[in-house]
Asks: 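My questions will all concern the structure given below.
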Amino acid sequence: MTILVTGGAGFIGSNFVLDWLAAVGERVINLDALTYAGNLHNLEAIAGDTRHVFVHGDIGDRALLDRLLAEYRPRAVLNFAAESHVDRSIHGPGDFMRTNVLGTFTLLEAVRGFWSGLDDAAKAAFRFQHVSTDEVYGSLAPGAPAFTEAHAYEPNSPYAASKAASDHLVRAWHHTYGLPVLTTHGSNNYGPFHFPEKLIPLVIVNALAGKPLPVYGDGQQVRDWLYVRDHASALRAVLAGGRIGETYNIGGWNEMTNLEIVHTICALLDELRPDPAGAYRRLIAHVADRPGHDRRCAIDARKIERQLGWRPAETFESGIRKTVQWLLDHPDWVANVQRGSYRDWVAMNYNAR
Ligand code: NAD
Ligand code: TYD
């Protein structure tokens, strides 16, 4: 048995691949274009493991997809590959349209071609699983009920709009062609291998370097936070038992403001790596807000619990402690990802704020 994973050198994809090989053990073909966000160091723990086959390539490359599907004949395809950072989508939405929309379209077409040629039993057993985000639902008023799977699509950023578009393609390929699809909506992930352009790892690495901790606007925006290994186990549960054509929210039951997140990280660092210059909170700097910033995202993850018995294993307290400790323990990983284009990004996003 084999699965094909796209984007498996990124943050969530690499955690999924590591979790999959440990928990299931089936062979994984890992197709990744190695953009700035793709990092083979994330997969060092499985170097030399013959159950993992890494392929450097793009989900927009139809000929490559056809070749991989024909050669490895996966029983499932899980699509993680995407441009994933909202701020980058504001500065340059083109790559988001290319990978998230056109790339997903090309992947769906290649998978449809492969799937159509399977015998009836293999066709029925096959799954195309699309890894999406809660950001397609937009923003909630304070006190409004959390997003359920029935919530309207109201994407607000170019990133969210591109993911929403890809979700619609996946849905249509099921309704029109019968492709057996599953779509998941994860909330904000955090954990090992998180690229330090996103809030949590950025705040940790900046604090350790004595740099400002940039909080957009008043810092009262709310997100739900999901430990990445919990996301991986949820994706396994959906693949194993999710109902074809349905969507599943995956959340951590941890609604917090950004300022609460930053304060929690500062307090943990004060404990684990005290700075003689003073408490890390002194580095907090409120900077200009993100245009179109979603005020509140909160996810109702009761459906996946009811249908598939999945709940997150980590609380925010346990997950954030593991995350801070992981970054403290992996200074080489941090130094490696902070080279070159990372510095250009930090200068572009923060110097003008
Ligand atoms: P990431 O940016 O860390 O990784 C994306 C990976 O996809 C990288 O390895 C990159 O090289 C690869 N990639 C990009 N374009 C590609 C292309 N055209 N062809 C092949 N590979 C390509 O992203 P992530 O945070 O790991 O997110 C993974 C998926 O999960 C995305 O689809 C994202 O929308 C979704 N998601 C993310 C979060 C989150 O909090 N990070 C939450 C919910 C859902
Ligand atoms: P981010 O990690 O970029 O995830 P997303 O935009 O997909 O939710 O941002 C999480 C929250 O943190 C979001 O409300 C924006 C905010 N944020 C800051 O306040 N400062 C920062 O430097 C970054 C990157 C994000």
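Hydrogens, waters and symmetry mates play no part in the numbers below; they use all other heavy atoms, side chains included. The first residue in the sequence is number 1, and the count goes up from there. Whatever order the structure lists ligands and atoms in, that order sets their numbers, starting from 1.
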Asks: Put together the list of close N/O pairs, under 3.5 Å, between ligand 1 and the protein, could you?
Replies:
| unit_1 | atom_1 | unit_2 | atom_2 | d |
| --- | --- | --- | --- | --- |
| ligand 1 | 2 (O) | S84 | OG | 2.7 |
| ligand 1 | 3 (O) | F11 | N | 3.1 |
| ligand 1 | 9 (O) | G10 | N | 2.9 |
| ligand 1 | 9 (O) | D32 | OD1 | 3.2 |
| ligand 1 | 9 (O) | D32 | OD2 | 2.6 |
| ligand 1 | 11 (O) | D32 | OD1 | 2.5 |
| ligand 1 | 11 (O) | L34 | N | 3.3 |
| ligand 1 | 11 (O) | T35 | N | 3.0 |
| ligand 1 | 11 (O) | T35 | OG1 | 3.1 |
| ligand 1 | 18 (N) | D58 | OD1 | 3.0 |
| ligand 1 | 18 (N) | D58 | OD2 | 3.4 |
| ligand 1 | 18 (N) | T99 | OG1 | 2.9 |
| ligand 1 | 19 (N) | I59 | N | 3.0 |
| ligand 1 | 21 (N) | A33 | N | 3.0 |
| ligand 1 | 23 (O) | S84 | OG | 3.2 |
| ligand 1 | 26 (O) | F11 | N | 3.3 |
| ligand 1 | 26 (O) | I12 | N | 2.7 |
| ligand 1 | 32 (O) | F80 | O | 3.0 |
| ligand 1 | 32 (O) | V131 | O | 3.4 |
| ligand 1 | 32 (O) | K163 | NZ | 2.6 |
| ligand 1 | 34 (O) | Y159 | OH | 2.7 |
| ligand 1 | 34 (O) | K163 | NZ | 3.1 |
| ligand 1 | 40 (O) | N189 | N | 2.9 |

Asks: Between H185 and Y153, what is the ring plane arrangement, given parallel below 30°, perpendicular above 60°, and tilted in between?
Replies: perpendicular
Asks: Can you classify the ring geometry of F316 versus W225 as parallel (below 30°), tilted (30 to 60°) or perpendicular (above 60°)?
Replies: tilted
Asks: Going through the distances and angles, do R282 and D275 end up as a salt bridge (Lys or Arg N to Asp or Glu O under 4.0 Å)?
Replies: CA-CA 11 Å; R282 75 186 190 285; D275 183 350; 2.9 Å; yes
Asks: Salt bridge (Lys or Arg N to Asp or Glu O under 4.0 Å) for R62 and D66? Distances and angles first, verdict last.
Replies: CA-CA 6 Å; R62 177 67 194 265; D66 287 345; 3.0 Å; yes
Asks: Ignoring hydrogens and angles, tell me if any N or O in the side chain of W333 forms a donor-acceptor pair with the backbone of L327 under 3.5 Å.
Replies: no
Asks: Of the side chain and backbone of I200, name the one, both, or neither that has a heavy atom under 4.0 Å from an atom of ligand 2.
Replies: neither
Asks: Which residue holds the protein heavy atom closest to atom 13 (C) of ligand 2, what is that atom called, and what is the gap in Å?
Replies: H293 NE2, 3.4 Å
Asks: Heavy atom under 4.0 Å from ligand 2: found in N258's side chain, backbone, both, or neither?
Replies: side chain
Asks: For residues L34 and A9, report the shortest heavy-atom separation together with the two atoms involved.
Replies: CD2-CB, 3.7 Å
Asks: Atom 2 (O) of ligand 2: which protein heavy atom is closest, and how many Å away?
Replies: L199 N, 2.9 Å
Asks: Could you tell me how the ring of W326 sits relative to the ring of H330: parallel (under 30°), tilted (30 to 60°) or perpendicular (over 60°)?
Replies: parallel
Asks: Checking K303 against T247: is there a side-chain donor and acceptor pair closer than 3.5 Å?
Replies: no
Asks: May I ask you to identify the nearest protein heavy atom to atom 4 (O) of ligand 2, giving residue, atom name and distance to one decimal place in Å?
Replies: N188 ND2, 3.3 Å
Asks: Using a strict 4.0 Å cut-off to heavy atoms of E135, name the atoms of ligand 2 that fall inside it.
Replies: 5 (P), 7 (O), 8 (O)
Asks: Can you list the ligand 2 atoms lying under 4.0 Å from a non-hydrogen atom of H85?
Replies: 3 (O)
Asks: Among protein heavy atoms, which sits nearest to atom 20 (N) of ligand 2, and what does the distance come to when rounded to 0.1 Å?
Replies: P214 O, 2.8 Å
Asks: Who gets closest to atom 3 (O) of ligand 2 by heavy atom: H194, Q221, Q220, R290?
Replies: R290
Asks: Does any N or O of ligand 2 fall below 3.5 Å from an N or O anywhere on V215, backbone included?
Replies: no
Asks: Look at ligand 2 and say whether Y350 reaches it with a heavy atom at a distance under 4.0 Å.
Replies: yes
Asks: With heavy-atom distances below 4.0 Å as the criterion, list the atoms of ligand 2 near K198.
Replies: 2 (O)
Asks: Quick check: does any side chain N or O of T6 sit under 3.5 Å from a backbone N or O of A81, one acting as donor and the other as acceptor?
Replies: yes
Asks: Distance under 4.0 Å to a non-hydrogen atom of V86: what atoms of ligand 2 satisfy this?
Replies: 6 (O), 7 (O)
Asks: Between H52 and N30, do the side chains contain an N or O donor and an N or O acceptor separated by less than 3.5 Å?
Replies: yes
Asks: As an exercise, identify every atom of ligand 2 less than 4.0 angstrom from a heavy atom of E197.
Replies: 24 (C)
Asks: Are the side chains of Y216 and V287 in contact, using a 4.5 Å heavy-atom criterion?
Replies: yes
Asks: Output the list of atoms in ligand 2 that are nearer than 4.0 Å to some heavy atom of L202, sorted by atom number.
Replies: 22 (O)
Asks: Tell me yes or no: between the side chains of N254 and Y190, is some donor less than 3.5 Å from an acceptor?
Replies: no
Asks: Less than 6.0 Å separating the ring centroids of H91 and W345?
Replies: yes
Asks: Checking the N or O distance criterion of under 3.5 Å, is ligand 2 in contact with D87?
Replies: no
Asks: Give a yes-or-no answer on whether the side chains of Y72 and R27 include a donor-acceptor pair shorter than 3.5 Å.
Replies: no
Asks: Has ligand 2 got any nitrogen or oxygen that is less than 3.5 angstrom from a nitrogen or oxygen of Y216?
Replies: yes
